[in-house]
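Have a look at the structure below before the remarks.
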Number of protein chains: 2
Amino acid sequence: MVAEQLKSTRQRKAVSNILATITKFSSAQEVHKLLISRGEKVGLATVYRTLQALAETGAIDVLRNDDGEALYRACSTDHHHHLVCTKCNKTTEISAPEVEIWTEKIAREQGYLISGHTIEVFGTCANCR
Amino acid sequence: MVAEQLKSTRQRKAVSNILATITKFSSAQEVHKLLISRGEKVGLATVYRTLQALAETGAIDVLRNDDGEALYRACSTDHHHHLVCTKCNKTTEISAPEVEIWTEKIAREQGYLISGHTIEVFGTCANCR
DNA sequence: ATGAGTTTGACAATCATTCTCATTTAGGTT
DNA sequence: AACCTAAATGAGAATGATTGTCAAACTCAT
Ligand SMILES: [Mn+2]
Ligand SMILES: [Mn+2]
Ligand SMILES: [Zn+2]
Ligand SMILES: [Zn+2]
């Protein structure tokens, strides 16, 4: 029972590199298309697996759009939330210590053992108007 | 171009009635199974359409679970958010005026025209522990 | 009761995501 | 450098929630 290990592969590097160049939340399909268009040969399934793995370790963020599709983004490493444009998915990171505290308090009051929370604000960015 | 009108049908009443008896967030598939098990004959597509219609008018609430599936619930009519059990989907409504204000402020500062926001807290309820 | 516009439902079609599994690769060991 | 083996990959099939189709059934204002 050896500990889990993530091997460094060409594909994983390619995905990470692409993510580093994208500022908006993007779907696995979008990331895959981008990779292909840049000449990187990476299978679609691998893109899915890589994004999910990165999200699980907290290396990148995930959220669901209105259609339930998963969107990924390489955000800053500290805890934060998002302001997302519903037209172009442009994203601005936001933080709110006061809200974090409120969240903890509420859950405790209701007898829940908190596992996480979601705070996303949606709207139309200046550009899209 | 007459204004939209929602006709009162047996199926729509059945869906609304069922929702009134459920306290947890449920998927269209679950609602459909419940209807069938109670002898109500309603097509699956109709359940989907009805839930979506109700959600659009704001009559019921929607959220996405980790798998991206849409879950519905007949909540109170006032603005609120949710504390959801990740095991059984038991839901507690919560409200937070301070958070609402913060949300507005943030969006305005960033030049976004707000269209909505999502605030859900997840955890394990007392029962599921 | 009538008729135009809605709604329904059985079933097909979508389509994002997952699964399979034969083949390739990373990275440690001789 | 050659070897080994678990981990990773990818092409394609499979899954499954959700949506589309369209003829038949229904609602409701007249
Ligand atoms: Mn937070
Ligand atoms: Mn709110
Ligand atoms: Zn935008
Ligand atoms: Zn529970």
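Lettering of chains follows the sequences in order, A, B, ..., and the numbering in each one begins at 1.
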* Structure fact -> note: B:D66, atom CG; C:dT17, atom P; distance rounded to Å ~ 14 Å
* In terms of side-chain geometry, is the basic nitrogen of B:E30 or B:K24 positioned less than 4.0 Å from the acidic oxygen of its partner? -> yes
* To do: Whole angstrom is fine here: how far is it from CD in A:E69 over to C1' in D:dA17?
  => 12 Å
* Looking at side-chain heavy atoms only, is the closest gap between B:T21 and B:R38 below 4.5 Å? -> yes
* Provide, to the nearest angstrom, the distance between the CG atom belonging to A:L71 and the C1' atom belonging to C:dT17. => 14 Å
* Divergence of helical axes at both termini of the helix from C:dA1-D:dT30 to C:dT30-D:dA1 - five pairs an end, 10° steps -> 30°
* To do: Would you check if there is a donor-acceptor pair between the side chains of B:S76 and B:E93 at a distance under 3.5 Å?
  => yes
Show me, pair by pair, the donor-acceptor contacts under 3.5 angstrom made by side chains of residues 83-92 of chain A, not counting sequence neighbours?
residue: A:T86; atom: OG1; partner: A:G123; partner atom: O; Å: 3.4
residue: A:T91; atom: OG1; partner: A:N89; partner atom: O; Å: 2.9
residue: A:T92; atom: OG1; partner: B:Y112; partner atom: OH; Å: 3.2

* To do: Return the 5'-most residue of the pair B:K7, B:A45 with respect to DNA chain D, ranking by each residue's nearest nucleotide.
  => B:A45
* Asked: If you measure from OG on A:S37 to CD on A:E40, what distance do you get to the nearest 0.5 Å?
  -> 9.5 Å
* Asked: Between B:E100 and B:K105, is there a side-chain N and carboxylate O pair less than 4.0 Å apart?
  -> no
* Do B:L71 and B:R73 have side chains that get closer than 4.5 Å, going by heavy atoms? -> no
* Structure fact -> Expected list for residues 8-35 of chain B near DNA chain D, using heavy atoms below 4.0 Å, is B:S8, B:Q29
* Could you list who else is in A:I22's hydrophobic cluster, with ILVMFWY side chains joined at under 4.5 Å, directly or through other members? => A:V15, A:I18, A:L19, A:V31, A:L34, A:L35, A:V42, A:V47, A:L51, A:L54, A:I60, A:V62, A:Y72
* Validation row, ring centre B:H79 to ring centre B:H117 under 6.0 Å -> yes
* Between B:L6 (CG) and D:dA29 (C1'), how many Å, whole number? -> 17 Å
* To do: Return the value, rounded to whole Å, for the distance between atom OH of B:Y72 and atom P of D:dT18.
  => 7 Å
* Asked: side-chain contact (heavy atoms from CB on, under 4.5 Å) with B:I36: which residues, sequence neighbours excluded?
  -> B:H32
* To do: Find the distance B:L44:CG to D:dA17:C1' and express it as a whole number of Å.
  => 9 Å
* Structure fact -> Expected list for residues 46-63 of chain B near DNA chain D, using heavy atoms below 4.0 Å, is B:Y48, B:R49, B:Q52
* Take A:H82 and A:F122 through the test ring pair (Phe, Tyr, Trp, His ring centres under 6.0 Å) and record every step on the way to the result. => CA-CA 8 Å; A:H82 310 103; A:F122 297 96; 9.6 Å; no
* Write down the distance between CG (A:N65) and P (C:dC15), rounded to a whole number of angstrom. => 15 Å
